[in-house]
Amino acid sequence: MTATAPTDLHPPRHQPVGVVLNAWFRAEARSLPWRRSGFGAWGILVSEFMLQQTPVNRVIPRLEEWLARWPTPADLAAVPASEAVRAWASLGYPRRALWLHAAAVQITEQHGGVVPHDVDTLLELTGIGDYTARAVAVFAYGHRHPVVDTNTRRVIARAITGQAEPAPPSRTRDLEAMNALLPPDDTEAAVFNAATMELGAVVCTARTPHCDDCPIRNTCAWRAAGYPVYDGPRKTVQKSFAGSDRQVRGLIMAELRSTHRPVTDAEITTLWPDATQRDRALAGLLVDGLAVAAPSGGYLLPD
DNA sequence: CAGGCGTGGAA
DNA sequence: TTTCCAAGCCT
């Protein structure tokens, strides 16, 4: 064996993070439906709606069913919103089903049935915020923009800033931080956005990060600092689900999804013992458009 | 801008 | 058991 060359003793330490992460992503990324070539902008859009606050493994079966039934925005726009809410099943946050249906109508009526390309146009669609607009423009159409989600914020906080957790989200600051890391090439930038999210999802996870398996551990600022504990402001704690208005809303929605007939007040009464909370939950669903009063009495999913 | 909005799996 | 967390958005 020959002696190790000096260059091997001092490998490049500042290879752009994008180059390293993209190579890792191309070798290690999970195979997910929306990453298949030719998946289509509509499929990407539906997947992004479903993935808002809902884990990947729970989304996949609903997504496949959804796209088999409604392969284009016009297909979804042609059915009542109630069908979207039923197909949403128990993914949670059923307002998203309503918003996705509304977006399909907008796309069909205002954009010729084609999912818009531009971030600003996408932002005008119901239920699409800054993350989803950028995700669609980048992952469906290959445009070069920073895409920042909760995974991205955590990866940047650790690998770049050196903190265990990100500070509270700041749109301007977060986008600038990601923009500074974005590779110049459009395709590489899109892959980098996905790779950063993937790293946060499977390696640089919230609770027990797998730092030994991390492709950028050698340049990670958090690791270099000795993994300091987070000392910033705490995230607001969510009220427990049991006994919450959310739980009552969920029970009523499950009942509405279970039938095409009006659900009567008597049936709703059996779902939850506390009348005040029941009334509050039902009123909220009516305001949100997830339930409507049936002409003959009782309540239905919206048309 | 803080709070509300479902559901279920994992630690 | 309880708590945390999961590709956010809207008001």
Side-chain angles (χ1 to χ4, degrees), chain A residues 25 29-30 32-35 39 43-63 85 88-100 102-103 122-140 146-155 164-172 174 178 190 193-202 204-210 230 233-257 277 280-281 283-285 287-291:
Chain A
F25 182 83
R30 294 167 295 175
L32 299 171
W34 45 91
R35 290 178 181 165
F39 194 69
I44 300 284
L45 178 61
V46 174
S47 76
E48 294 298 347
F49 266 84
M50 291 185 171
L51 287 164
Q52 293 167 5
Q53 301 288 280
T54 301
V56 164
N57 289 339
R58 218 176 300 166
V59 162
I60 290 174
R62 294 295 86 73
L63 175 66
V85 174
W88 197 260
S90 59
L91 281 178
Y93 293 146
R95 290 184 295 186
R96 290 180 293 165
L98 228 44
W99 292 338
L100 178 52
L122 286 160
L123 280 171
E124 295 172 9
L125 300 178
T126 309
I128 293 194
D130 199 60
Y131 163 76
T132 302
R134 291 167 176 277
V136 170
V138 170
F139 301 138
V147 181
V148 176
D149 77 333
T150 187
N151 291 303
T152 305
R153 280 190 289 270
R154 185 173 56 251
V155 168
E165 296 178 32
S170 161
R171 180 183 175 285
T172 303
D174 294 341
M178 189 58 173
N193 279 307
T196 305
M197 293 167 60
E198 180 78 355
L199 188 75
V202 303
C204 194
T205 50
R207 272 183 286 198
T208 52
H210 307 102
Y230 179 69
R234 299 301 309 179
K235 280 178 284 222
T236 57
V237 289
Q238 185 174 304
K239 275 186 302 187
S240 73
F241 181 68
S244 67
D245 284 7
R246 289 185 189 186
Q247 183 182 18
V248 184
R249 285 171 58 109
L251 290 170
I252 296 173
M253 286 305 298
E255 190 69 20
L256 290 171
R257 286 196 309 267
Q277 201 174 9
R280 193 167 57 227
L285 293 174
V287 167
D288 289 345
L290 282 165

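Convention: sequence-line order gives letters A, B, ...; per-chain numbering from 1.
Contacts of A:Trp34 with the nucleic acid, taken as non-hydrogen atoms under 4.0 Å apart, include base atoms. Residue-level contact check: A:Ser47 touches neither bases nor backbone, having no heavy atom under 4.0 Å from any strand. Contacts of A:Arg35 with the nucleic acid, taken as non-hydrogen atoms under 4.0 Å apart, include base atoms. Nucleic acid contact for A:Ile128: sugar-phosphate only, since backbone atoms but no base atoms lie under 4.0 Å from a heavy atom of the residue. Residue-level contact check: A:Phe49 touches neither bases nor backbone, having no heavy atom under 4.0 Å from any strand. Within 4.0 Å (heavy atoms only), A:Thr132 reaches sugar-phosphate atoms of the nucleic acid but no base atom. Nucleic acid contact class of A:Arg30 (heavy atoms, under 4.0 Å, all strands): base. When heavy atoms are screened at a 4.0 angstrom cut-off, A:Gln238 is found touching base atoms of the nucleic acid. As judged by a 4.0 angstrom heavy-atom cut-off over every strand, A:Asn57 is placed among residues making no nucleic acid contact.
Taking atom C1' on both nucleotides, C:dT1 is separated from B:dG8 by 16 Å, rounded to a whole Å. The same atom, P, is picked in B:dG3 and in C:dC4; the two are 16 Å apart, to the nearest Å. With both ends at atom P, the span from C:dA7 to B:dG4 equals 23 Å, rounded to whole Å.
For A:Thr54 and B:dG6, a side-chain-to-base donor-acceptor distance below 3.5 Å is present, hydrogens and geometry of angles not being considered. Between the side chain of A:Arg207 and the base of C:dC4 there is at least one donor-acceptor pair of N/O atoms closer than 3.5 Å.
A donor-acceptor pair is defined here as one N or O able to donate and one able to accept, closer than 3.5 Å; no such pair exists between the side chain of A:Trp99 and the backbone of A:Ala103. Panel note: side chain A:Arg35, backbone A:Arg30; a donor-acceptor pair is recorded below 3.5 Å. Side-chain atoms of A:Arg96 come within 3.5 Å of backbone atoms of A:Leu91 as a donor-acceptor pair (strictly under, hydrogens ignored).
Within the 4.0 Å cut-off from OP1 or OP2 of C:dG8, at least one side-chain nitrogen or oxygen of A:Gln53 is found. For A:Arg154, a side-chain nitrogen or oxygen approaches OP1 or OP2 of C:dA6 to under 4.0 Å. For A:Ser90 and B:dG8, the shortest distance from a side-chain N or O to OP1 or OP2 is below 4.0 Å.
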* Kindly determine whether A:Glu48 and A:Arg134 satisfy salt bridge (Lys or Arg N to Asp or Glu O under 4.0 Å), including the steps that lead there. => CA-CA 10 Å; A:Glu48 294 298 347; A:Arg134 291 167 176 277; over 6 Å; no
* Please step through side chain to side chain contact (heavy atoms under 4.5 Å, CB included) for the pair A:Val147 and A:Tyr131, ending with a clear verdict. => CA-CA 6 Å; A:Val147 181; A:Tyr131 163 76; 3.5 Å; yes
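For A:Glu165 and C:dC5, the CD to P distance is 7 Å, given to the nearest whole Å. Whole-Å rounding puts the A:Arg234 CZ to C:dT3 P distance at 14 Å.
Comparing B:dG6, C:dC5, C:dA7 by their closest approach to the side chain of A:Lys235 singles out C:dC5.
In terms of position along DNA chain B, the nucleotide closest to A:Lys239 lies nearer the 5' end than the nucleotide closest to the other residue of the pair A:Thr208 and A:Lys239.
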